[in-house]
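All residue numbers in this chain count up from 1 along the given sequence.
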Amino acid sequence: MYLARFSYDILPANRHRALEFISREVEAAQRNGLNARLLVPLTRGQGSAALEFEIELTKLDQLDQFRHRGVDSNEETGSWMHGFSEILTSPPVVEILRVETPVKK
């Protein structure tokens with residue numbers, strides 16, 4: 001299994017709006033049968049993201065499929081992306097992680 005994690009930097013004044021944007025992304029992933037969640041850090045180190053979106057994948061190509069499908073229609077996805085980019089203070093950081101299952105002895 002893989003995890004794709006998107007980390008977003010926003011100003012505190014835009015937090016509520018960012019939560020709405022990311023919630024739409026979580027809902028879209030779930031509609032497509034993927035496990036996704038919004039992560040809200042309780043503590044933040046210097047340079048850490050304000051909010052994160054995480055999606056579970058069984059194959060890496062699921063990420064491309066999800067990103068190309070978008071949130072809703074092409075027009076709504078474009079509007080969503082434009083609105084969200086307006087409140088980001090920097091481009092999102094994307095991490096792709098592989099989940100390792102410990103080998104039992």
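With sequence neighbours left out, the side chain to side chain contact (heavy atoms under 4.5 Å, CB included) criterion links L19 to R15, L38, V40, L51.
Here the shortest heavy-atom pairing between S7 and E95 reads OG-OE1, 4.3 Å. The shortest heavy-atom contact between F84 and I22 is CZ-CG1, 3.7 Å. Looking at every heavy atom in both residues, Q30 comes nearest to A36 through NE2-O, 3.3 Å.
L60 contributes atom CG, which lies 10.0 Å from atom CZ of R98 (distance to the nearest 0.5 angstrom). Note: L57 CG to L3 CG = 7.5 Å, rounded to the nearest 0.5 Å. Rounding to the nearest 0.5 Å places CG of L97 at 7.5 Å from CD of E54.
The hydrophobic cluster containing L34 does not contain L39, counting ILVMFWY residues as joined when their side-chain heavy atoms lie under 4.5 angstrom apart, directly or transitively. V94 and M1 fall into different hydrophobic clusters, where Ile, Leu, Val, Met, Phe, Trp and Tyr residues are linked whenever their side-chain heavy atoms come under 4.5 Å apart, directly or through other members.
Evaluated for a side chain to side chain contact (heavy atoms under 4.5 Å, CB included) with L88, the options S90, P92, P91 yield exactly one hit, P92.
Counted by atom type alone, S23 and E27 present zero donor-acceptor pairs between their side chains at under 3.5 Å. A donor and an acceptor atom, one from each side chain of D9 and T89, are nowhere located under 3.5 Å apart.
By the 4.5 Å heavy-atom criterion applied to side chains, Q62 and N32 are not counted as neighbours. The shortest distance between side-chain heavy atoms of L11 and N14 falls below 4.5 Å.
The aromatic rings of F53 and F6 sit tilted relative to each other, their planes meeting at an angle between 30° and 60°.
Ring centers of F21 and Y8: at least 6.0 Å apart, outside the cut-off.
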When you look at E56 and R37, which way does the side-chain contact (heavy atoms from CB on, under 4.5 Å) test go after all the steps? CA-CA 9 Å; E56 292 181 13; R37 59 195 146 263; 3.0 Å; yes
